[in-house]
Participant: 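Attaching a single structure in structure tokens format; questions to follow.
Reminder, nothing fancy here: chain letters follow the sequence lines and each chain counts from 1. What you see is a predicted model; the values in this text were computed from it and never measured. Atom set for the values below is all heavy atoms of this structure, side chains included, hydrogens, waters and symmetry mates excluded.
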Amino acid sequence: MYAFEYVRANSVRGAVSALAKHEDGKILAGGHTLLPTMKQRLASPSALVDLGAIKDLAGIEQRGRSLIIGAMTTHAAVAASDVVKASIPSLAEMAHMIGDPAVRNRGTIGGSIANNDPAADYPAACLALNATIVTNQRKIPASDFFKGLYETALEPGEIIVRVAFKPPSRAAYMKFRNPASRFALVGVFVAKKGSDIRVAVTGAGNQGVFRWRAAEEALAKRFNPKSLDGLKADAGMMNADIHASPDYRAHLVAVMTQRAVAKALGK
Amino acid sequence: MTSTGIGAAVRRKEDHRFITGKGRYTDDINRPGQAHAYFLRSPHAHAKIKSLDVQGAKTKPGVLAILTGDDIATDKVGGLICGWMIHSKDGSPMKAGPHPALAQGKVRYVGDHVAVVIAETVGEAKDAAEAIKIEYEVLPAEVETASAQRQGAAVIHDVAPDNTVYRWHLGDKAKTDAAFAAAKHVTKIDLTNNRLAPNPMEPRAAIGEYDSGDGVFTLYTTSQNPHVARLVLSAFIGIAPEHKLRVVAPDVGGGFGSKIFIYAEETVCVWAAKKVGRPVKWTSDRTEAFLSDAHGRDHVTHAELATDENGKITALRARTIANLGGYLSTFSSSVPTYLYAPLLSGQYDIANIYCEVDGVYTNTTPVDAYRGAGRPEATFVVERLVEAAARELGQDPAKFRRKNYIKSFPHQTPVIMTYDAGDYAASLAKAMEIADYANIGKRKRESAKNGKLRGIGISSYIEACGIAPSQAVGSLGAGVGLWESAEVRVNPVGTVEVLTGSHSHGQGHETTFAQLVSERLGVPFENVAIIHGDTDKVQFGMGTYGSRSGAVGMSAIYKALDKVIEKGKKVAAYVLEASAGDIEFKDGKFTVKGTDKAADFGAIALQAYIAHKFSGQELEPGLKEGAFYDPTNFTFPAGVHICEVEVDPGTGSTRIERWTAVDDFGVVINPMIVEGQVHGGIAQGVGQALLEGVRYNADGQLVTASYMDYAMPRADDLPSFHVGMTVTPCPSNPLGVKGCGEAGAIAAPAAVINAITDAVGHEHVAMPATAETVWKACQRASQKLAAE
Amino acid sequence: MPYTLTVNGSERSLESRDPDQPLLYVLRNALGFTGPKFGCGLGQCGACTVIADGSPIRSCQLPISAAQGMKITTIEGLGTIEKPHPVQAAFIEEAAAQCGYCTNGMVMTSAALLAQNPKPSVEEVKQALAGNLCRCGTHDRVLRAVMRASGRQKT
Ligand SMILES: Cc1cc2nc3c(=O)[nH]c(=O)nc-3n(C[C@H](O)[C@H](O)[C@H](O)COP(=O)(O)OP(=O)(O)OC[C@H]3O[C@@H](n4cnc5c(N)ncnc54)[C@H](O)[C@@H]3O)c2cc1C
Ligand code: FES
Ligand code: FES
């Protein structure tokens with residue numbers, strides 16, 4: 001690893017000014033993405049600004065209609081949280097499906113969505129649950145936040161502070177794991193809130209997480225797996241790599257969506 | 001049976017240190033003043049090195065030396081060797097290209113060693129490596145096994161213009177072809193045996209050290225066979241004569257074949273230690289392990305099976321192209337030849353067998369022995385063929401196998417082997433019973449109700465272990481003998497130290513070998529220490545691989561124990577004042593026949609050392625004996641594994657629902673350890689069948705270079721196993737043991753694929769049978785159904 | 001820079017030039033705790049697992065600077081041969097180690113699991129251990145050992 005400076009910020013403001021000082025500085029959350037890339041010398045930030053000591057960045061609360069999760073909240077905390085389980089149980093289930101216990105104990109929601117790995121789970125949840133990503137500067141709706149592979153709406157030096165979710169009436173996440181990495185080969189988060197139905201797909205798209213509008217329309221008529229019979233996802237939009245072909249990914253998107261709807265209905 | 005003797009499920013001694021974090025592996029060792037090595041590796045699969053300038057890099061902080069292929073040449077460090085000579089059909093010797101430890105003029109795979117930087121820290125070594133100026137002329141790369149020999153392919157080694165190392169064959173072609181011509185039915189199959197990365201969890205590591213005072217080198221290394229490493233480093237690579245080179249292989253975190261070989265890295269570490277005057281340490285990272293640990297398997301095979309009108313197998317023929325990678329690794333040439341084709345008879349009575357194997361160079365990591373080495377490849381061919389034939393003939397695969405099994409022993413196959421003992425039908429019957437084979441139809445219907453496809457697959461495997469005798473392997477081209485040594489040192493107080501040339505890296509020798517000693521000498525298990533892995537302690541040995549340590553290593557101990565007992569009797573004769581012929585030894589006691597005069601083993605040991613009761617002219621004092629044991633034959637463990645799967649046709653994912661293994665390993669020393677070895681083998685076999693595959697892109701870049709891309713089985717990928725045993729003692733060694741380390745890896749792939757093909761109703765399911773592969777097979781099967 | 005770490009109940013001070021040096025190297029090289037193993041250095045294998053403030057973490061992914069103030073337990077601090085932790089005792093009973101290299105991670109992850117969930121189901125144990133690679137294929141034995149340590153039997 002390259003030598004660099006390490007700053008343990010005590011407040012968001014402190015972190016912002018540390019980042020301002022180091023042109024090529026990077027935020028360190030759980031480190032489970034950042035450190036491996038540095039180890040492999042794929043990234044060499046001039047400074048790391050650790051958010052770990054900023055107490056009010058971690059935490060979960062139900063604030064009125066919104067479920068608020070602090071950026072530094074670990075996947076394990078979300079998975080185990082009674083507040084999350086009461087508000088959006090499928091979100092707790094999704095968090096439990098990330099990686100393994102050690103990854104969940106360190107990895108954070110903020111790090112995950114800031115990184116926007118095309119196979120990560122949280123982006124699908126955020127998109128399906130119409131989350132709002134709150135930064136030190138502004139509020140960004142999930143639909144504007146995820147911009148493609150590893151790309152987000154975040155500006156340099158902008159820090160995610162928390163994520164606000166609006167609990168749906170029904171939701172479920174189905175994940176088909178990549179057997180090597182255990183990230184999503186295809187993950188589908190389905191959420192229904194009144195007549196608003198969202199189907200968010202991760203792992204599959206060649207531009208990262210996306211909403212499968214055709215499925216949403218079909219489900220708007222009737223929220224039932226049968227409504228999706230015969231519906232095919234567009235293989236042209238799918239990612240091709242050694243783990244799966246676009247055709248297979250497209251097929252899995254349809255299957256996982258049907259299964260997610262069934263699960264959301266308690267079937 | 002005593003509670004710690006042969007056959008007892010004694011808990012492992014070595015676990016005491018492993019479960020408390022006190023194991024001592026190579027990377028746990030740090031030598032005073034040690035420097036660190038980092039290898040600059042080729043980023044290209046095939047390229048000429050046009051220029052290499054290390055001058056600037058040498059001035060970077062912390063750098064002690066940067067060495068290249070030129071330095072290797074100047075110092076006359078010999079190249080890495082391939083120790084098994086294979087001759088082609090036409091009698092010509094195999095075409096072995098040069099294999100310098102650091103590249104000279106050309107690189108032949110991504111990860112090939114270009115230069116080494118020795119620096120104070122690994123970080124500094126890496127920084128300096130980035131400053132090395134190197135210019136490549138990139139050449140086209142050959143990656144694919146099947147096409148490496150084609151006209152116009154890039155030439156990887158000048159000695160082999162068609163990229164062909166050898167064109168080898170075994171068996172009688174004319175007779176076999178005639179049998180095919182006369183056959184009632186011929187089953188044909190095309191198979192790929194996928195390339196695997198061995199992936200012991202402990203990455204390879206080495207520390208080289210040089211003591212200028214007495215001119216002695218020491219190498220600490222992750223080796224399965226430290227003496228072989230010393231021999232090769234001395235006799236061939238020429239680092240130092242054997243008496244000036246000590247090789248220590250401490251605890252080793254798994255090998256599976258990949259730590260048999262003598263690699264560039266340890267060679268460079270010992271050599272460089274003298275050059276820089278400091279101990280030099282190298283530890284592989286995981287990506288380097290994927291790039292540079294010898295891979296396994298990688299065959300492309302067309303095979304055919306001939307049957308007569310009674311469903312009796314009359315002939316088998318196979319044509320295999322084996323990818324050997326960019327260079328010949330230490331034993332690579334033998335794996336797809338003598339470790340493969342002689343097993344193509346499987347458990348079956350087949351009168352005619354013919355096999356052709358072309359070994360080819362490609363611009364990929366060298367391929368060598370990996371758990372099972374050749375035998376999984378053979379079993380996969382035989383068991384896929386037999387399964388397909390049974391289905392084509394409309395016969396139950398179990399019945400078809402039973403009918404064709406070899407039933408009397410010894411049995412001479414047409415491909416070298418003389419099987420000495422076995423009862424294949426017994427294993428099959430027992431496995432079918434445990435697996436509840438009879439009710440598979442019912443279970444298939446249950447699954448169908450839930451929209452799932454269930455299948456069952458049998459694999460009747462045989463392996464040849466304890467590769468021996470030395471004379472025979474020598475006549476087949478081996479550069480070494482494959483015996484084993486042991487020395488039993490009885491201390492004056494009656495405790496025992498056994499020095500063995502076998503090496504334990506997960507097999508539990510410290511426990512099983514001690515069980516043998518405890519049983520035979522009647523000394524408490526705790527009073528026996530097994531010493532291995534240090535050439536300064538153990539005189540010589542051939543190490544551990546090929547499931548040889550029970551059959552060969554323990555037999556050597558057995559022989560040495562015979563001698564200890566003989567000597568003990570002589571001492572006892574003086575002590576008990578009787579003639580040596582009247583002394584008997586049993587349960588740790590020497591007695592005089594027909595009397596109640598007795599002395600226990602410890603007392604006799606003490607007498608042997610104080611030598612008060614006999615004169616030195618009559619009998620040498622002391623109690624220490626050694627033996628070299630060379631078996632009379634291979635051993636032939638065999639068995640039947642049955643795998644039951646459920647496939648989700650919606651996604652193609654396969655779950656193993658049930659696994660039954662009935663193995664005949666001959667006499668079992670410790671059933672708990674043996675069962676663990678079987679589990680481990682199955683896990684790797686299941687990995688090969690369902691998950692694993694090394695992949696290169698067309699340019700020869702390794703795409704599966706981390707655990708994010710190379711899938712290995714995890715706790716939730718594996719079922720629990722039902723393991724049973726049948727026992728036919730092995731006649732060719734005194735213990736009757738056969739070997740168990742590779743059985744699971746040999747049996748499993750065919751069992752899994754046979755089960756999946758049964759489930760999906762389609763013969764073409766390639767390994768690894770990923771969800772997508774199986775899903776596609778389901779699609780093809782339903783299209784076929786629709787068309788019918 | 002000076003650092004102070006709490007490892008196995010005692011405070012240890014050391015110097016490190018790199019604030020991002022992974023805890024794994026600090027434990028192994030500076031402090032002599034070689035129980036945690038290097039398997040990949042990338043958070044992908046579990047060989048380096050230690051328990052930090054009660055949870056299993058990958059010590060190869062935790063910079064030394066972030067480890068300050070945490071209570072770290074390594075396998076050396078879990079139990080001894082004379083007084084083994086129940087998981088360690090069960091590993092011996094079930095012969096759950098082969099080469100022993102992944103064993104640190106298996107033991108530490110299991111111990112942390114049982115501390116949080118004393119009576120896990122087999123499925124829960126499998127999920128908890130999904131991040132721990134073992135090439136020797138000890139998975140079945142490890143499951144048995146964890147069930148044994150929890151006072152249950154694996155069927
Ligand atoms: C073995 C393994 C398995 C995994 N499996 C999965 C899986 O199945 N599913 C899955 O979704 N993920 C998986 N992950 C990824 C894991 O969830 C990571 O924790 C996550 O991607 C990154 O979170 P982190 O807190 O570790 O972030 P870090 O690595 O610390 O940071 C990641 C990036 O985000 C930036 N960042 C972090 N926090 C903020 C913030 N508050 N504001 C702005 N930018 C920020 C950082 O600068 C960095 O660029 C896995 C990781 C590993 C190592
Ligand atoms: S070494 Fe830390 S997870 Fe592999
Ligand atoms: S015991 Fe060897 S890797 Fe698990």
Participant: With a 4.5 angstrom heavy-atom cut-off, could you sort out which part of B:Val252 is near chain C: side chain, backbone, both or neither?
Facilitator: backbone

Participant: Could you tell me which residues in residues 58-70 of chain C have at least one non-hydrogen atom under 4.5 Å from a non-hydrogen atom of chain B, sorted by residue number?
Facilitator: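 Those residues of residues 58-70 of chain C which would need a heavy atom under 4.5 Å from chain B do not exist here.
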
Participant: Does the side chain of B:Asp293 come within less than 4.5 Å of B:Arg204's, by heavy atoms?
Facilitator: yes

Participant: For residues 707-714 of chain B, give me every residue with a non-hydrogen atom less than 4.5 Å from any non-hydrogen atom of chain C.
Facilitator: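 So the qualifying residues are B:Tyr707, B:Met708, B:Tyr710, B:Met712, B:Pro713, B:Arg714.
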
Participant: When heavy-atom pairs shorter than 4.5 Å are enumerated against chain B, which of C:Ile81, C:Thr103, C:Val87 gives the highest number?
Facilitator: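 Ranked by heavy-atom pairs under 4.5 Å with chain B, first place is C:Ile81.
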
Participant: Measure B:Asp251 against the heavy atoms of chain C and call it side chain, backbone, both or neither at under 4.5 Å.
Facilitator: neither

Participant: How about C:Met108 and C:Pro56: do any of their side-chain heavy atoms sit closer than 4.5 Å?
Facilitator: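 C:Met108 vs C:Pro56: side chains apart.
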
Participant: Would you mind checking if C:Asp140 and C:Arg144 are paired as a salt bridge, meaning a charged N to carboxylate O distance below 4.0 Å?
Facilitator: yes

Participant: Would you mind reporting whether C:Cys102 and C:Lys37 have side-chain heavy atoms less than 4.5 Å apart?
Facilitator: no

Participant: Ring-plane angle category for B:Phe721 and B:His679, please: parallel below 30°, perpendicular beyond 60°, tilted otherwise.
Facilitator: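 Judged by the thresholds at 30° and 60°, the geometry between B:Phe721 and B:His679 is tilted.
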
Participant: Would you mind checking if B:Glu124 and B:Lys60 are paired as a salt bridge, meaning a charged N to carboxylate O distance below 4.0 Å?
Facilitator: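 Not counted as a salt bridge, because no side-chain N and carboxylate O are separated by less than 4.0 Å.
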
Participant: How long is the straight-line distance from CD of B:Glu14 back to NE2 of B:His505, given to the nearest 0.5 Å?
Facilitator: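 That separation rounds to 12.5 Å.
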
Participant: Checking C:Glu93 against chain B: side chain, backbone, both or neither under 4.5 Å from a heavy atom?
Facilitator: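 Both parts, backbone and side chain.
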
Participant: Among C:Phe91, C:Phe33, C:Tyr101, C:Phe38, single out the residue with the greatest number of heavy-atom pairs under 4.5 Å to chain B.
Facilitator: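 Of the options given, most contacts go to C:Tyr101.
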
Participant: For C:Lys119, does the NZ atom have more than 12 heavy-atom neighbours from other residues, nucleotides or ligands under 6.0 Å away?
Facilitator: yes

Participant: In terms of heavy-atom pairs under 4.5 Å with chain C, which of B:Gly253, B:Gly255, B:Ala683 leads?
Facilitator: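 The answer is B:Gly253.
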
Participant: How close do C:Met147 and C:Ser121 get, counting heavy atoms only, and between which atoms?
Facilitator: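 Closest approach of C:Met147 to C:Ser121: CE-C, 4.2 Å.
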
Participant: Could you tell me whether C:Arg28 and B:Asp27 make a salt bridge, using a distance below 4.0 angstrom between a side-chain N and a carboxylate O?
Facilitator: yes

Participant: Of the backbone (N, CA, C, O) and the side chain (C-beta and beyond), which part of B:Ser284 lies under 4.5 Å from a heavy atom of chain C, both, or neither?
Facilitator: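 Backbone only.
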
Participant: Just so I understand: if I count every heavy-atom pair under 4.5 Å between each of B:Gly687, B:Gly508, B:Pro198 and chain C, which residue has the most?
Facilitator: B:Pro198

Participant: Considering all heavy atoms of both residues, which atom of B:Asn225 and which atom of B:Ile260 are nearest to each other, and what is their separation?
Facilitator: OD1-O, 3.1 Å

Participant: Is the shortest side-chain N to carboxylate O distance from B:Arg24 to B:Glu202 below 4.0 Å?
Facilitator: no

Participant: Please name all residues satisfying ring pair (Phe, Tyr, Trp, His ring centres under 6.0 Å) with B:Tyr220, sequence neighbours left out, ordered by chain then number.
Facilitator: none

Participant: Do the side chains of B:Glu657 and B:Arg655 get close enough for a salt bridge, i.e. N-O under 4.0 angstrom?
Facilitator: yes

Participant: For B:Gly680, does its backbone N or O pair with a side-chain atom of C:Arg135 as donor and acceptor, under 3.5 Å?
Facilitator: no

Participant: Is C:Ala47 close to chain B through its backbone or its side chain, or both, or neither, when contacts mean heavy atoms under 4.5 Å?
Facilitator: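 Neither the backbone nor the side chain of C:Ala47 comes within 4.5 Å of chain B.
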
Participant: What residues of residues 668-678 of chain B make heavy-atom contacts with chain C at a cutoff under 4.5 angstrom?
Facilitator: B:Met672, B:Glu675, B:Gly676, B:Gln677

Participant: For C:Val50 and C:Thr74, which heavy atoms make the closest approach, and how far apart are they?
Facilitator: CG1-CG2, 4.2 Å

Participant: Can we say B:Arg17 and B:Glu510 salt-bridge, meaning some charged N sits less than 4.0 Å from an Asp/Glu carboxylate O?
Facilitator: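 Between B:Glu510 and B:Arg17 there is a salt bridge, with a charged N closer than 4.0 Å to a carboxylate O.
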
